[in-house]
There are 2 protein chains.
Amino acid sequence: MRPERPRAVTINDVAALAKVSIATASKALNGRGQVRAETRDRVFAAARELSFQPNPLARSLVTGQTRTVGLLTSDSVGRFGIPVMLGAEDAFGSGETAVLLCDARGDAFREQHYLRTLLARRVDGLIVVGESTDPRPSISRDLPIPVVYAYAPSDDPADVSFVPDDVTGSGDAVRHLIALGRRRIAHVTGPTHYTAARERAEGALGALEAAGLPLSGGQVVYGVWSQRWGRHAAEIVLNADPDVDAVFCGSDQIAAGLIEAARERGRRVPDDIAVVGYDNWEVLSQETRPPLTTMDMNLELLGRTAAQHLFAAIEGRATSGVHRMPCRLVIRDSAAPPALQ
Amino acid sequence: MRPERPRAVTINDVAALAKVSIATASKALNGRGQVRAETRDRVFAAARELSFQPNPLARSLVTGQTRTVGLLTSDSVGRFGIPVMLGAEDAFGSGETAVLLCDARGDAFREQHYLRTLLARRVDGLIVVGESTDPRPSISRDLPIPVVYAYAPSDDPADVSFVPDDVTGSGDAVRHLIALGRRRIAHVTGPTHYTAARERAEGALGALEAAGLPLSGGQVVYGVWSQRWGRHAAEIVLNADPDVDAVFCGSDQIAAGLIEAARERGRRVPDDIAVVGYDNWEVLSQETRPPLTTMDMNLELLGRTAAQHLFAAIEGRATSGVHRMPCRLVIRDSAAPPALQ
DNA sequence: CGCATTTGCGAAAACCTTTTCCTTCTGGGC
DNA sequence: GCCCAGAAGGAAAAGGTTTTCGCAAATGCG
């Protein structure tokens with residue numbers, strides 16, 4: 001048999017050692033009520049001597065606050081949810097709030113199940129992190145606790161969501177290419193049914209239009225989010241406009257494939273064609289030849305920010321609406337100003 | 001202000017509605033004690049009508065079990081810890097046990113902090129998942145709760161750890177190459193100071209020796225875990241033995257780089273050189289040209305198994321020692337029997 | 001000095017459930 | 001008819017903390 005867990009030290013022991021009542025001990029330790037400085041010190045000394053740790057279950061039972069939040073991820077095998085999740089965990093972990101991890105794996109039924117158990121466990125709040133930036137169904141309706149959405153926004157505008165600002169990010173990427181002197185810029189990206197693909201195209205086209213430049217090839221080259229597609233798209237882009245001098249890609253995978261194929265067709269990157277990716281997925285962006293200039297969505301920061309807003313909401317200062325968080329261009333050799341090349 | 005949370009329905013309400021005492025209600029709901037079938041049904045009906053959910057805090061306070069385990073990851077930004085973590089979460093989530101996520105980010109001090117808060121929260125057990133297969137310091141000493149280690153084993157043999165069986169896995173990889181008729185097999189891998197690199201080399205050399213074959217190039221080519229190194233290693237391997245007909249790589253990243261460089265030097269994969277990787281990191285292994293035959297460590301299963309053993313330990317059936325979990329060869333075109341090519 | 005106010009502290013309730021007795025009741029055996 | 005066993009259910013304690021309320025002492029004010 002497992003050895004009996006030693007009886008934990010309770011506030012009773014502390015009170016006895018400090019020769020006060022448990023009420024006074026509690027007040028002293030929590031800085032509440034009226035308690036003389038000398039008494040308070042005695043209580044603290046006793047608590048330290050016994051290395052007292054208040055039982056959070058008992059505390060929660062009476063206060064109704066568990067200092068626990070649920071982290072509900074819809075599909076965390078994907079690589080975008082993870083950093084968001086970790087950022088959120090970091091924000092909570094530095095406080096005294098613990099994180100209950102639930103991975104629904106994209107299954108709405110499982111999500112409901114987790115939601116119920118989280119509510120049964122009386123979590124103080126909920127953070128829902130999605131796998132893509134497509135809006136997802138709200139779960140906040142009739143919930144007695146606050147919820148924030150990260151990466152994938154809620155479809156209910158009354159909720160509060162944090163998503164990367166892909167439109168501005170893509171605009172910045174294209175403006176960077178323009179600033180480098182490129183004038184024939186193409187855009188290769190993923191499937192149209194992804195919000196991310198549409199918004200990135202929107203940002204790219206907006207920046208081109210503002211600069212009075214046409215899109216090389218005349219239209220956005222939609223496809224899938226894979227390296228293989230990037231290789232194939234290289235042909236399309238080069239055939240459509242042999243003089244193309246830059247490609248903005250909707251993902252690093254696409255960019256990696258495109259760079260590879262362009263090399264094989266004898267185009268030098270970045271001399272002949274500058275390439276900018278999206279995601280800053282370092283395992284790819286640092287391994288392409290040359291290393292990839294790419295847009296980083298600051299996902300950890302996004303997760304942390306979402307967590308902080310959840311805190312605020314738990315304390316009664318709720319916000320709402322979709323907040324777009326800035327992205328950051330990471331400049332490497334595939335599209336760099338001359339000084340850096 | 002946030003609306004007051006509606007007073008939750010308690011077992012008192014259920015008991016009142018069923019016209020029994022709370023003791024009887026509790027016994028009926030938990031199937032304990034002597035309760036007439038008719039009474040039990042009445043209690044259940046009342047509970048369902050009020051949609052009663054027992055307060056887990058109150059329950060834990062009296063039973064001493066929180067139905068909660070801590071998941072302590074040392075560095076989950078890495079890609080190996082994640083699947084293990086998800087596998088564990090899955091195993092717990094399907095029961096009634098919740099998972100408290102703590103990411104220590106490789107910081108021993110932070111790990112100690114999390115350990116303290118988890119103990120303060122009275123978790124029933126702990127699962128420690130590491131980032132590499134190198135042994136890590138045990139934290140089980142003097143802990144009142146069971147601990148299992150996943151991916152990174154504990155350095156204390158009295159603990160229980162679950163790690164991939166890299167020696168056998170690598171042996172299988174090389175035996176697969178031998179079965180394909182390859183006779184000049186090289187091995188390129190990561191840094192010697194990684195247990196993973198050493199064990200994989202050990203398994204590969206053992207399989208070669210058993211088959212009476214020499215190692216192409218005469219020695220294991222140690223380096224780093226990157227695609228760039230894989231490209232560089234291709235030169236080394238081809239220079240050392242221009243007739244090399246297979247390379248077993250210690251990671252998919254190395255394999256991806258090696259395939260790329262071999263292509264550029266005019267070697268056909270798999271006709272001239274068969275390549276086997278390790279990890280089955282699908283974003284790479286499916287995108288190489290040709291797709292990569294590689295060893296999958298079944299990390300989710302590993303995490304699930306570790307979680308199940310933690311359950312057993314919580315119930316008093318503890319085990320110990322390092323358990324090596326089997327790996328599984330995923331055959332794709334880079335090293336396939338003729339029928340599949 | 002007398003009264004009102006503040007300060008310091010303790011008793012007890014409250015949070016919600018499980019579990020340990022204890023009582024009552026039912027039926028069977030003699 | 002009596003006794004006993006077992007079944008059914010209830011009262012109350014236990015688990016550890018916070019918080020309310022009340023009491024007594026100390027202090028301030030006139």
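Only this structure's heavy atoms are used, side chains among them; waters, hydrogens and symmetry mates stay out. Quick caveat: nothing in here was measured; it's all calculated off a predicted structure. Letters A, B, ... mirror the listed sequences (proteins, then strands); counts begin at 1.
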Distance, rounded to the nearest Å, where [X] contributes [atom1] and [N] contributes [atom2]:
| X | N | atom1 | atom2 | result |
| --- | --- | --- | --- | --- |
| B:Gln34 | D:dG10 | CD | C1' | 15 Å |
| B:Asn55 | D:dG15 | CG | P | 18 Å |
| A:Arg122 | C:dC16 | CZ | P | 8 Å |
| B:Asp13 | C:dT17 | CG | C1' | 13 Å |
| A:Leu57 | D:dT18 | CG | P | 13 Å |
| A:Ile22 | C:dA13 | CD1 | C1' | 11 Å |
| A:Lys27 | C:dA11 | NZ | C1' | 10 Å |
| B:Arg40 | D:dA7 | CZ | C1' | 14 Å |

Could you pick out which residue, A:Gln53 or B:Glu38, lies toward the 5' side of DNA chain D when each is mapped onto its nearest nucleotide?
B:Glu38
Considering heavy-atom distances to DNA chain D, does B:Arg42 or B:Ala58 have its closest nucleotide positioned more toward the 5' end?
B:Arg42
With the side chain of [X] defined as its heavy atoms from C-beta on, choose the nearest nucleotide among [options].
| X | options | result |
| --- | --- | --- |
| A:Ala23 | C:dA11, C:dC9, C:dT17 | C:dA11 |
| B:Ser26 | D:dG15, C:dT19, C:dG10 | C:dT19 |
| A:Asn30 | D:dT18, C:dT19, D:dT17 | D:dT18 |
| B:Arg32 | C:dG8, C:dT18, C:dT19 | C:dT19 |
| B:Thr24 | D:dT17, D:dG10, C:dC9 | D:dG10 |
| B:Thr63 | D:dT17, C:dT18, D:dG16 | C:dT18 |
| B:Arg59 | C:dT18, C:dC9, D:dT18 | C:dT18 |

Does a donor on one side chain and an acceptor on the other come within less than 3.5 Å for A:Thr68 and A:Arg122?
no
Donor-acceptor pair between B:Asp134 and B:Ser132 side chains, under 3.5 angstrom
yes
Please state whether the phosphate of C:dT7, meaning OP1 or OP2, lies under 4.0 angstrom from any side-chain nitrogen or oxygen of A:Arg36.
no
Heavy atoms under 4.0 Å, any strand shown: does B:Thr39 hit a base, just sugar-phosphate, or nothing?
sugar-phosphate
Can you say whether the rings of A:Tyr151 and A:Phe80 are parallel (under 30°), tilted (30 to 60°) or perpendicular (over 60°)?
parallel
I need the A:Glu49 CD to A:Asp13 CG distance, nearest 0.5 Å.
11.5 Å
Among A:Leu115, A:Asp159, A:Ile139, which residue meets the side-chain contact (heavy atoms from CB on, under 4.5 Å) test with A:Val128?
A:Ile139
